[in-house]
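Structure record follows, encoded as structure tokens.
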Amino acid sequence: MGTPGRNLNNMRISQLFGKRLREIPAEADTDSHRLLLRAGMISQLAAGVYSYMPLALRSLRKIENIVRDEMNKTGAQEVLMPTLQPIELWQKSGRDLAMGQTLFHLADRKDRNLVLGPTHEEVVTDLAGRNVQSYRDLPFTLYQIQTKMRDEPRPRGGLIRVREFTMKDAYSFDADEAGLDVTYKKMVQAYKNIYRRCGLPAMIIEADSGAIGGKDSQEFMAVTDIGEDEIIICDACGLGANVEKAVSVKAGAENGPPMDIEEIETPGKESIDDLAVFLKVKTAQTLKAVFYTADGDLIFTVIRGDLEVNEIKLKKVLHAVDLRLATDQEVKAKGIVPGSASPVGMLGVRVIADISVTSGTNFVAGANKQGRHLKNVNYPRDFKTEIVADISKAKAGDACAVCGSALRTVRGMEIGHVFKLGTSISDKLGACFVDENGASHPIIMGCYGIGIGRLMAAVIELNHDDKGIIWPPAIAPYQVYLCPLYMDNAEVVKQADGLYETLTGMGIEVLYDDRAESPGVKFNDADLLGIPVRITVSPRSLEKGSVEVKLRSEKKPELVALGDAIGRVKTLLG
RNA sequence: CGGGGUGUAGCGCAGUUGGCAGCGCGUCUGGUUUGGGACCAGAAGGUCGGAGGUUCGAAUCCUCUCACCCCGACCA
């Protein structure tokens with residue numbers, strides 16, 4: 001006899017690689033992380049770098065196959081592109097700078113500089129460019145399911161933010177905007193199908209497209225308190241947007257006739273709160289200065305005292321690659337008095353004002369003199385700006401820009417992102433096609449990503465109880481947890497073995513708890529692993545010619561005659 | 001990169017004033033058990049993250065360093 005082979009549809013727990021943990025691993029503090037570790041599904045090698053053990057891999061493969069199926073249905077074609085990419089490609093697109101330290105760099109033996117792909121817009125655009133000449137070659141969509149490498153500043157939450165991860169990324173290539181719109185809609189529908197099939201409620205929101213650029217951009221979010229993103233929601237009109245992008249109407253400032261500007265003493269009042277209390281005005285009646293350094297330039301932003309600068313919006317308005325808060329030294333070097341800075345009379349500095357300065361009058365602002373402020377400052381009478389734009393953060397309680405109802409916020413985890421990329425990359429990489437008239441144009445692109453591992457973590461985050469995971473059947477590692485009690489009872493073993501054979505023969509995936517453990521241990525492991533259906537075979541139920549069948553999501557088992565057990569399981573699994 | 005924290009057995013942790021390296025869980029052996037993480041007896045398991053220093057003597061004190069976790073920055 002050689003080594004016993006294995007049916008891919010079944011597994012005996014005694015053979016399964018990966019120990020379940022009774023105690024909660026100390027390093028985990030999100031539910032999905034704790035459960036993935038306790039279930040013996042993942043194992044950490046370094047910060048944000050994990051091995052996926054057999055149970056996890058089975059779920060991941062199922063998710064991948066759902067994704068693959070939905071992609072194929074849209075007509076997209078699967079490819080596989082390299083992880084190892086020449087840096088020149090990134091220099092051409094300009095995104096080596098935009099990605100910054102997130103790019104993993106390495107050199108080969110000939111000292112050529114390479115990066116490990118954090119995403120594949122560059123490679124796929126190069127690939128498309130080599131294979132497209134005419135509008136007749138368009139449109140098409142390519143996708144892959146592949147490993148991405150990103151040197152994240154802070155990996156966290158188990159599989160929620162990691163440095164090496166599997167992503168499905170798709171890229172569409174169209175000849176015109178109308179074509180892109182059609183493709184984009186198909187992708188959005190495919191994404192909805194994917195989340196539904198994975199048993200994960202996903203919310204679609206408006207998003208910023210980030211370093212990648214482009215026009216329309218939407219994110220698919222799983223709503224959970226541990227999410228890294230803040231989502232602004234309008235219950236009245238159904239609008240949802242990432243706070244990075246969200247627009248809102250901020251009431252609160254007075255709107256009386258402009259009065260004469262007046263300089264006043266405000267000794268030691270350097271913060272907006274102190275100033276407002278001292279002058280007995282609302283913070284919404286003050287203007288504050290926030291200083292940034294954008295690609296080396298000092299930027300003076302003016303915004304109502306009660307609002308916060310949205311740095312994503314500011315970055316976009318400025319077309320900046322690198323934006324950070326300015327240091328005190330940088331501010332003082334321009335002759336500005338921190339704590340009493342004023343846009344009034346400000347020269348030689350780029351002044352960017354939030355739109356909020358235009359919707360109120362008679363603000364309190366700095367005098368640019370130590371210990372002094374100005375009353376009744378009005379725009380544009382008293383100060384000039386380079387740009388007036390919406391650069392403030394939306395927050396709960398603001399009015400919806402569409403319907404005026406009050407907005408609220410929830411936290412969400414990004415589980416998918418689609419956007420209309422346009423021609424920003426195809427232009428730079430020279431991926432062009434010739435139209436009917438013989439004119440050359442850059443190909444119009446869209447891109448569409450789903451993190452597979454993060455999706456699995458999100459499913460667990462939203463589908464568990466205090467005992468363990470509750471897998472949606474479509475992505476559960478196995479469908480049935482076969483749980484005989486008292487393995488020293490010959491009849492129990494005989495019936496359980498029989499069920500194991502039969503279920504396996506029918507193509508139902510069975511995890512067989514063949515250990516001589518006590519009932520408590522087995523039930524707890526069954527709950528922890530979260531397999532949808534548990535069949536308990538015991539002397540007690542066999543006496544009645546029955547076994548117990550229980551859904552993981554239900555509290556109570558039902559007694560089912562032995563002969564009906566298989567049928568009942570099939571029904572429960574739909 | 002800034003702030004906070006943790007590194008001691010596979011996991012969770014204790015270790016006082018510097019004086020024999022500990023506990024619980026798990027593991028192994030034998031026995032008794034068995035419907036929600038059983039019990040008894042016995043056993044194995046440690047470069048105390050690493051390097052250097054102080055000291056008769058360091059898990060403990062000092063210096064440096066590494067790793068991991070959390071908050072922030074950042075995040076296609």
Side-chain angles (χ1 to χ4, degrees), chain A residues 18-30 33-34 37-38 40 43-49 90 93 95-96 98-103 117-122 124 148-158 160-163 165 167-171 207-214 217 219 226-229 242 244 311-312 315 322-325 327 413-414 416-419 421 424-425 447-451 454 466-468 483-489 492 515-528 534 536-542 548 550 555-557:
Chain A
K19 286 258 173 70
R20 286 150 306 284
L21 305 177
R22 212 171 261 209
E23 299 194 64
I24 298 166
E27 82 259 23
D29 72 353
T30 59
H33 192 192
R34 273 194 284 266
L37 287 169
R38 284 195 55 214
S43 180
Q44 182 172 22
L45 183 61
V49 181
W90 289 81
S93 73
R95 290 210 304 165
D96 57 329
M99 295 292 295
Q101 291 198 297
T102 303
L103 270 181
T119 175
H120 281 71
E121 282 82 13
E122 278 75 2
V124 81
K148 308 292 184 216
M149 309 285 189
R150 294 183 190 175
D151 196 356
E152 292 287 349
R154 185 148 90 85
R156 75 185 105 181
I160 288 164
R161 180 166 293 278
V162 288
R163 296 193 295 172
F165 60 100
M167 177 165 138
K168 186 287 299 175
D169 45 327
Y171 307 91
D208 182 79
S209 50
I212 200 164
S217 172
E219 286 169 333
I226 62 139
E228 297 175 296
D229 292 281
N242 194 305
E244 294 175 350
E311 295 180 9
I312 309 270
K315 199 168 171 178
D322 180 54
L323 181 79
R324 57 174 174 80
L325 281 170
T327 62
M413 188 193 305
E414 179 185 350
H417 198 162
V418 296
F419 39 106
L421 180 53
S424 58
I425 290 179
C447 50
Y448 318 90
I450 291 185
R454 186 189 278 188
D466 57 336
K467 287 288 198 179
C483 189
L485 304 182
Y486 316 113
M487 293 296 285
D488 50 0
N489 180 309
V492 165
R515 300 170 300 171
E517 287 285 354
S518 69
V521 170
K522 292 188 164 198
F523 288 152
N524 277 300
D525 274 349
D527 288 343
L528 175 61
R534 186 182 81 193
T536 307
V537 182
S538 69
R540 183 193 290 181
S541 50
L542 285 180
E548 285 168 27
K550 178 183 154 325
K555 284 259 182 299
K556 296 270 176 203

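Hydrogens, waters and symmetry mates are skipped; everything else that's a heavy atom, side chains included, is used. Note on naming: letters A, B, ... go to the chains in the order of the sequence lines (proteins, then strands), and numbering restarts at 1 for each one. Given the structure is predicted, the values throughout are model-derived calculations rather than measurements.
Between the CG atom of A:Leu485 and the P atom of B:A38 there is a distance of 13 Å, rounded to whole Å. The distance from atom CG of A:Asp151 to atom P of B:A76 is 14 Å, rounded to the nearest whole Å. Between the CG atom of A:Asp29 and the P atom of B:C71 there is a distance of 6 Å, rounded to whole Å. A straight line from CZ of A:Arg95 to P of B:A76 spans 9 Å, rounded to a whole angstrom.
Among the atoms of the strands shown, base atoms are found under 4.0 Å from some heavy atom of A:Asp488. Counting non-hydrogen atoms under 4.0 angstrom, A:Ile24 reaches the backbone sugars and phosphates but no base. The residue A:Gln44 sits close only to the backbone: its heavy atoms come under 4.0 Å of sugar-phosphate atoms, none of a base. Within the 4.0 angstrom heavy-atom criterion, only backbone atoms of the sugar-phosphate kind lie near A:Pro155; the bases stay farther away. Residue contacts shown for A:Arg38 include a base, since a base heavy atom lies under 4.0 Å away. Across all strands shown, A:Arg154 has heavy atoms under 4.0 Å from base atoms, whether or not it also approaches the sugar-phosphate. As judged by a 4.0 angstrom heavy-atom cut-off over every strand, A:Leu21 is placed among residues making no nucleic acid contact. Within 4.0 Å (heavy atoms only), A:Glu219 reaches no atom of the nucleic acid at all. Among the atoms of the strands shown, none is found under 4.0 Å from any heavy atom of A:Gly416. Counting any heavy atom pair closer than 4.0 Å across all strands shown, A:Arg515 reaches no nucleic acid atom.
For the C1' atoms, the distance from B:C69 to B:G26 is 24 Å, rounded to whole Å. Look at the C1' atom in both B:G19 and B:G12: the space between them is 28 Å, to the nearest Å. B:G15 and B:U29 have their C1' atoms separated by 30 Å, given to the nearest Å. Atom name P, nucleotides B:G45 and B:A21: the rounded distance is 15 Å, in whole Å. As rounded to the nearest Å, B:C66 and B:C25 have P atoms that lie 38 Å from one another.
The shortest distance between side-chain heavy atoms of A:Asp229 and A:Glu244 falls below 4.5 Å. Looking only at side-chain heavy atoms (C-beta outward), A:Asn242 and A:Glu414 stay at 4.5 Å or farther from each other.
Under the Watson-Crick or G-U wobble criterion, with both distances below 3.5 Å, B:A38 is paired with B:U32.
Residue A:Asn524 has its side chain nearest to B:G36 when only B:G36, B:A76, B:C25 are considered. Each of B:C25, B:G36, B:C68 was ranked by its minimum atom distance to the side chain of A:Ala47; first place goes to B:C68. The listed nucleotides are B:A76, B:G36, B:G12; the one nearest the side chain of A:Lys550 is B:G36. Side-chain proximity of A:Arg156 to the nucleotides B:G72, B:C68, B:G12 is greatest for B:G72.
Remark: the backbone N or O of A:Arg154 is not paired with any side-chain donor or acceptor of A:Glu152 at under 3.5 angstrom.
In terms of position on RNA chain B, the residue among A:Lys19 and A:Asp229 whose nearest nucleotide sits closer to the 5' end is A:Lys19. Of the residues near RNA chain B, A:Ala26 and A:Ile450, the one whose nearest nucleotide (by heavy atom distance) lies more toward the 5' end is A:Ala26.
Each of A:Arg161, A:Met167, A:Gln101 was evaluated against A:Arg150; a single residue qualifies, A:Met167, per the side chain to side chain contact (heavy atoms under 4.5 Å, CB included) test.
Interface remark: the A:Glu23 side chain does form a donor-acceptor pair with the B:G24 base, using a distance-only criterion of under 3.5 Å.
Put simply, A:Arg22 has a side-chain N or O that comes within less than 4.0 Å of OP1 or OP2 on B:G26. The side chain of A:Ser518 contributes no N or O atom lying less than 4.0 Å from OP1 or OP2 of B:G37. Contact annotation: A:Lys315 reaches the phosphate of B:C75 (side-chain N/O to OP1 or OP2, under 4.0 Å).
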